[in-house]
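A, B, ... follow the sequence lines: proteins, then strands. Residue 1 opens every chain.
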Protein chains: 2
Amino acid sequence: MNRVQRKRDERVRRIVAAAAEVFGERGYEASTLEEVAERLDVTKGSLYYYFAGKDELATAAIETLGTDWTERLEALADARADAPRVERLRALLREHIAIAVLEYPAALRLFLVPDSWPAALRERIRDLRRRHDLVFRREVTAGVAAGEFAVVSVDATLQAMHAAMSQAPLWCSHLAAEARDQAMDDLATTLLRLVSSPR
Amino acid sequence: MNRVQRKRDERVRRIVAAAAEVFGERGYEASTLEEVAERLDVTKGSLYYYFAGKDELATAAIETLGTDWTERLEALADARADAPRVERLRALLREHIAIAVLEYPAALRLFLVPDSWPAALRERIRDLRRRHDLVFRREVTAGVAAGEFAVVSVDATLQAMHAAMSQAPLWCSHLAAEARDQAMDDLATTLLRLVSSPR
DNA sequence: CCGAACTTTGACCTCAGAGTCAAGAGATGA
DNA sequence: TCATCTCTTGACTCTGAGGTCAAAGTTCGG
């Protein structure tokens, strides 16, 4: 029974992983359950044994992906708790960019959730974003409070950072490995400028 | 005969405008020709008299929207040719954000063109983006050459700017008019930081 | 090895939305 | 006014993809 449960969880995990892949590549509208099923070498019907429908599967994919992403950033921030603020923020930016480019190149599309989705689902996704946002917000506001950073508006700064990071894959995933690393470094350094003290 | 031609052109213009509206709101996949037709008070069939299909109409819409957008920015840059470089760039950023937020809130979705499209169409769209990019690139590189701006990397800087501007609608189109204007101002000012001379 | 619980299948239903077309309605010009 | 060209319609087909389900297959505990 517990054996069964674990097996089921594993199955769900795999389905969600495949779904995250497909939705991440194609975006919500253009993704088909048929394709998700194909990548798992099963048939569409079997997905419905685990998930009520496309929306639910997509939500699960978004949540899994988002949680994983956030946790890794949180862990990184903890690990660098003693580093200078600027360096910690730089590391966070760099890591975020790397995850976006190397692992979830189409997360942007995935997170463009249709307006038609039930409010509850959209709400859960918003929460996820908020938690994710908080990792960076904490750094920025603390830096500002300490007088090390200066920003026009915390919100605008964070939005700009997130936008740039999430679109990074669009322009640097086609680069060769070396140029890509350089581009990611450049972007992280560039984004640091957003909080640098003026003058 | 010429009368007929002009009438036809006008008709095409209107259709493309309506299509740009719909595709701009919903993105490619979620848009339907039915809805485009509805906004023109005609029926779907009539669209096929002017366009071969959805792809072609979407391409025309993207081109029109992109050209209009670019031309307005170019005109703005010309109009401020004598203004200080920083102010000209600020005006461009602000205008770009305003167009994105107020007129084409889902342009981001629209430009995420399906990979399945013919290469020729994708190529034309890439050209459009290049021309658009050039408006900002010119300002930034000139400013750097003049020693007024400093950047880590022109590419990274432009990418960050474009990303932030194109995602602006996602977070400020739901705001009330006043707060929205403030948010757009803040974002423009924030992005200026990306080129500000350091120290 | 059996029966029960769990899982997968594939045929099927449904429906939205792309695309077609014959027929008719409107212009245009002689 | 007639003939022709231009345009619009609405009913039609077709396809793809979401969703359902009874039946068959598989795994597990005893």
Using the C1' atoms of the five pairs at each end, what is the angle between the end axes of the helix from C:dC1-D:dG30 to C:dA30-D:dT1, to 10°?
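End-to-end axis angle for the helix from C:dC1-D:dG30 to C:dA30-D:dT1: 10°, rounded to 10°.
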
Within less than 4.0 Å of OP1 or OP2 of [N], is there a side-chain N or O belonging to [X]?
| X | N | value |
| --- | --- | --- |
| B:Y49 | D:dC7 | yes |
| B:R8 | D:dC7 | yes |
| B:R11 | D:dT8 | yes |

My understanding is that only residues two or more places apart in sequence, or in another chain, count here; which of them pass side-chain hydrogen bond (donor to acceptor under 3.5 Å, both in side chains) with [X]?
| X | answer |
| --- | --- |
| B:R180 | none |
| B:R14 | B:E10 |
| B:D181 | none |
| B:T43 | none |

Sequence neighbours excluded, every pair satisfying side-chain hydrogen bond (donor to acceptor under 3.5 Å, both in side chains) that has a member inside residues 48-61 of chain B
B:Y28-B:D55

Sidechain N-carboxylate O distance under 4.0 Å for A:E35, A:R26:
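Between A:R26 and A:E35 there is a salt bridge, with a charged N closer than 4.0 Å to a carboxylate O.
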
Table please: side-chain donor-acceptor pairs of residues 74-81 of chain B below 3.5 Å, with sequence neighbours left out.
from  : atom 1 : to     : atom 2 : distance (Å)
B:E74 : OE1    : B:R131 : NH2    : 3.0
B:E74 : OE2    : B:R131 : NE     : 3.3

Could you encode protein contacts along nucleotides 17-24 of chain C as a string, one character per nucleotide from 5' to 3', using B for base contact, S for sugar-phosphate-only contact and - for no contact, with a heavy-atom cut-off of under 4.0 Å?
SBBB----

The side chain of B:T43 lies closest to which of these nucleotides: C:dT9, C:dC6, D:dT9?
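Among the listed nucleotides, the one closest to the side chain of B:T43 is D:dT9.
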
A:Y50 side-chain proximity, nearest of C:dT28, C:dT8, D:dT27:
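Closest nucleotide among those given: C:dT8.
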
Length of the line joining [X]:[atom1] and [N]:[atom2], which is rounded to integer Å:
| X | N | atom1 | atom2 | result |
| --- | --- | --- | --- | --- |
| B:R6 | C:dA27 | CZ | P | 16 Å |
| B:E38 | D:dG10 | CD | P | 13 Å |
| A:E10 | C:dC6 | CD | P | 19 Å |

Between B:Q5 and B:D9, a side-chain donor and acceptor under 3.5 Å:
yes

Listed by chain and number, what are the ring pair (Phe, Tyr, Trp, His ring centres under 6.0 Å) partners of B:F136, not counting sequence neighbours?
B:H96, B:H162

